[in-house]
Amino acid sequence: MESQIKQILEENSELLFGTTIDSKIIQFQKTRKDVEGDLTLVIFPFVKALRCSPEEAGNKIGTFIQEKMSYISHYNVVSGFLNFIISSDYWLSELDKIDKNPSYGFETPNSKPTIMVEYSSPNTNKPLHLGHLRNNFLGYSVAEILKANGHKVIKSQIINDRGIHICKSMLAWEKFSPINEKGERETPINTGLKGDKLVGKYYVEFDKQFNAEANSIIEQWNKGDVDDFSDKTVAEYIRLTESKVGKDEKATKGIDDKIKDLAKNETSLLREAKDMLVKWEARDPQTYLLWTTMNSWVYEGFSSTYKSMGVDFDKLYYESDTFVLGKDIVFEGIEKGVFFKKEDGSVWIDLTADGLDEKILLRSDGTTVYMTQDVGTAVDRYNDFPDLSGMIYTVGNEQDYHFKVLFLILKKLGYSWAENCSHLSYGMVDLPSGKMKSREGTVVDADDLMAEVVQSAKEMTQERGYLEGMTEEDKNDLFQLIGMGGLKYYLLKVDPKKRMMFDPAESIELNGNTGPFIQYAHARIKSLLARGGDLKSLNAKELEASEKEVIKLLVEYPSIIQEAGKELSPAVICNYIFELVKTYNQFYQNIPILIEEVEELKNMRLVLSKNIAKVIVSSMSLLGVRVPERM
RNA sequence: GGUUCCGUAGCUCAGCUGGAUAGAGCAGCUCACUUCUAAUGAGCAGGUCUUUGGUUCGAAUCCAAACGGGAUCACCA
């Protein structure tokens with residue numbers, strides 16, 4: 001409709017305006033709710049060309065368009081805005097088209113280039129938490145949205161299964177796990193703990209012991225007992241301590257943190273963890289066995305968590321595989337002159353010319369860092385899928401800098417596809433009580449939270465649901481569907497880029513802008529349709545205002561999917577579906593459907609409802625949310 | 001301090017490629033179930049869109065500065 005009007009204006013611009021017009025000045029917008037009209041053209045930009053008042057200009061253009069387009073029944077001009085009223089015929093014919101298209105809003109599958117979407121990518125040293133939920137739901141949803149836009153999508157994750165953090169858990173387990181009467185240390189089997197939880201427990205234990213050791217070193221320093229430490233360290237300690245004099249509380253705390261870091265570097269625990277990493281990279285059999293065992297525990301735990309989340313992956317990458325490639329690339333890069341070596345053997349890239357810093361790629365002991373692995377992983381992926389037209393990394397915005405550097409390094413290494421990589425950077429999830437810190441144990445565990453929302457959905461549904469005749473199994477599935485639907489919708493409805501507040505009480509809320517609100521509307525429509533009998537083809541002639549409003553929104557659906565794809569934002573879908581359901585509910589509440597006596601009207605209202613249900617199911621599927629037949 | 005993101009109703013968020021009187025949800029106060037699922041709908045109340053300047057016929061939206069908040073600037077990942 002808009003493009004038709006635009007075309008008419010452009011083709012007849014000489015006639016209307018006496019000059020050719022810039023297509024940019026043709027601006028449409030939705031008509032305000034309190035003004036009569038379905039589509040609004042902004043008149044101000046034309047006023048100059050026409051040299052008359054906005055009122056006259058609007059009338060001139062309005063009359064002209066109305067003559068050319070039969071679907072426009074009339075128009076009005078209000079303070080510089082030309083409002084077209086589009087006839088019921090048009091909306092009914094649109095509804096008919098929508099009704100006949102089972103995959104309405106979706107592009108032909110696999111008709112566009114392949115994109116890889118990476119998400120989740122956890123460390124294997126601790127369980128998944130609330131932040132991972134946002135990440136997973138977001139990544140999964142963006143993948144679905146891109147598919148709906150016609151792209152072939154490969155869902156992938158990189159599992160950070162190596163590195164110093166894993167060694168910390170391994171070391172703590174070896175050192176601190178109690179031995180039972182059978183002579184075994186703790187395992188998921190003999191403790192009944194989920195594997196990821198058990199390993200996480202030892203990561204926390206490491207940190208606890210590590211801090212204790214660092215504190216005792218500081219105490220030692222404070223007493224003046226410095227014989228066991230290098231002159232350099234001692235000098236740094238003295239310098240920091242002296243710099244505290246006369247500083248305010250905040251600055252003093254900052255310096256204390258630095259002293260703590262200094263002390264941490266001197267702990268035997270960290271030294272042992274580092275030794276372990278070196279042994280691991282050298283494929284020491286015992287270390288490797290321990291690593292394999294503990295990782296397998298974690299994978300088992302993760303896989304059950306992913307199942308509850310309802311997410312999956314097409315292709316997994318492991319850092320333990322890709323870091324070697326990363327290392328090779330670094331060596332090549334040195335020869336190409338992209339990287340350089342410092343005296344102590346560490347390898348760096350100088351990005352100061354690009355406004356960034358120097359970045360390390362290999363430590364002086366030859367082991368790799370995060371960046372090295374990511375370089376390797378990226379190259380590995382393009383080797384596996386040479387036709388990738390894009391790669392999207394779903395990673396928190398605290399890593400904005402990392403990805404900026406990563407993409408720049410790839411570019412400098414001469415990979416032409418580097419510019420197709422993008423970072424889907426999302427904001428942190430805050431709790432009302434403050435920030436989550438995994439080391440301090442103030443996290444919201446993903447498994448616990450999911451269990452909680454499902455439990456809450458269960459209580460609520462038992463209280464007010466329509467469950468007669470359902471099997472226990474179906475009921476449990478329904479509770480799962482509602483609880484998870486609520487949680488996913490809650491986490492996805494906020495613009496991904498923004499930091500968001502997670503209120504546990506609100507996340508299990510079922511009224512207002514929530515997943516269950518939308519699921520409920522669907523169940524209600526299904527109940528209508530079940531009683532409505534067979535549907536006939538549309539033959540109604542007129543539309544009530546509230547019916548027209550609903551159809552208008554339905555018509556927007558394809559463009560919403562496009563926008564969500566362009567913005568990589570499931571929130572766009574959420575906002576749309578909420579608006580659609582709200583508008584439908586107004587219609588539902590005010591207009592009789594089954595009890596309507598005029599057959600054409602009843603039939604049309606049922607067809608309309610059916611298509612609302614269709615769009616609810618399809619748009620919710622883009623969020624990874626299932627929708628019940630009844631609730 | 002450098003870089004970067006953010007600041008809209010009591011709370012949580014939409015709106016931001018400039019356009020009409022800035023919108024939802026929650027919380028508060030009314031009202032509507034003998035009628036299709038009330039997990040709903042209708043209404044009331046709630047705003048100097050952080051501030052100041054600029055661009056423009058027109059600014060929550062663009063630009064600049066200030067103030068306030070977050071992230072980041074590791075031989076952690």
Side-chain angles (χ1 to χ4, degrees), chain A residues 24 27 29 31-35 40 42-45 47-48 54 78-81 83 121 123 125 160 162-166 168 261 265 274 319 342 344-348 355-357 359-365 367-371 373-374 396-402 404 425 427-428 430 432 435 457 460-461 463-466 482 490 493-495 497-503 505-506 509-514 516-521 523-532 571-572 574-575 578-579 582 585-596 602 605-606 609 630-631:
Chain A
K24 263 189 275 181
Q27 294 167 25
Q29 55 183 283
T31 307
R32 282 180 60 95
K33 285 223 170 69
D34 48 0
V35 175
T40 295
V42 185
I43 293 300
F44 297 104
V47 170
K48 266 184 196 162
V78 184
S79 56
F81 296 90
N83 306 305
S121 304
N123 292 336
N125 62 333
N160 302 301
R162 47 141 278 133
I164 190 83
H165 56 294
I166 316 295
K168 288 178 179 175
D261 286 344
N265 266 321
K274 280 181 173 168
E319 249 172 33
K342 287 197 178 174
D344 60 4
S346 56
V347 178
W348 297 74
L356 305 170
D357 298 314
K359 189 80 191 173
I360 189 160
L361 283 125
L362 282 181
R363 296 192 188 96
S364 48
D365 63 7
T367 56
T368 60
V369 293
Y370 185 31
M371 189 59 77
Q373 291 143 190
D374 270 5
N397 64 9
E398 70 272 17
Q399 296 196 30
D400 285 354
Y401 182 73
H402 172 79
K404 212 167 150 184
S425 160
M428 202 177 277
D430 284 321
K435 217 174 129 172
M460 221 51 179
T461 307
E463 195 183 309
R464 20 181 155 164
Y466 294 74
I482 295 174
Y490 184 86
K493 73 180 173 185
V494 180
D495 182 347
K497 292 193 292 290
K498 288 193 179 169
R499 193 186 177 89
M500 72 176 286
M501 176 64 73
F502 181 86
D503 184 340
E506 210 182 293
E509 184 61 54
L510 310 174
N511 308 320
N513 188 359
T514 65
F517 170 85
I518 290 154
Q519 291 172 323
Y520 178 74
R524 208 160 56 169
I525 293 173
K526 283 294 170 172
S527 165
L528 268 187
L529 294 175
R531 293 162 189 243
V572 170
C574 291
N575 290 337
F578 178 57
E579 183 72 28
K582 229 175 10 158
N585 282 348
Q586 286 165 15
F587 154 78
Y588 176 92
Q589 202 76 213
N590 294 315
I591 306 243
I593 300 171
L594 291 179
I595 48 184
E596 170 62 53
K602 176 178 164 186
R605 287 169 193 163
L606 284 169
S609 300
R630 46 191 287 208
M631 68 188 273

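Chain letters run A, B, ... following the sequence lines, proteins first and then strands; every chain starts at 1. This structure is a prediction, so every number in the text was calculated from the model and none was measured. In what follows, every heavy atom counts, from backbone to side chain, and hydrogens, waters and symmetry copies are set aside.
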Check your understanding: What about T40(A): does its side chain form a donor-acceptor pair under 3.5 Å with the base of A20(B)?
Key ->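 Counting by modelled atom types and ignoring angles, a donor-acceptor contact under 3.5 Å is found here.
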Practice item. Might you point out which heavy atoms bring Y490(A) and M500(A) nearest each other, and give the distance in Å? Key: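 Smallest heavy-atom distance, with atoms named: O-CE, 3.7 Å.
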Check your understanding: Measuring from N160(A):CG to Q373(A):CD, what's the distance to the nearest 0.5 Å?
Key ->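 The CG atom of N160(A) sits 7.0 Å away from the CD atom of Q373(A).
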Practice item. Look up atom CZ in R605(A) and atom NZ in K602(A), then write down how far apart they are to the nearest 0.5 Å. Key: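 The NZ atom of K602(A) is 11.5 Å from CZ of R605(A), to the nearest 0.5 Å.
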Exercise for review: Ignoring backbone atoms, establish whether K33(A) has a side-chain N or O less than 4.0 Å from OP1 or OP2 of G23(B).
Suggested key: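 Answer is no, no contact under 4.0 Å.
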Practice item. Compare side-chain N and O positions of R363(A) against OP1 and OP2 of C76(B) and report whether any pair is under 4.0 Å apart. Key: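 Affirmative; the distance criterion is met.
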Touch class at under 4.0 angstrom, heavy-atom based, for [X] against every strand present:
X	answer
S425(A)	nothing
Q29(A)	base
K497(A)	nothing
I591(A)	base
D34(A)	base
Y401(A)	sugar-phosphate
Q27(A)	base

Review point. Would you say F44(A) stacks on G19(B), if stacking means ring centres under 5.5 Å apart and planes within less than 30 degrees?
Key: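 Yes.
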Practice item. Answer yes or no for this row: F578(A) ring on A24(B) base, centroids under 5.5 Å, planes under 30°. Key: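 One would not call F578(A) stacked on the A24(B) base.
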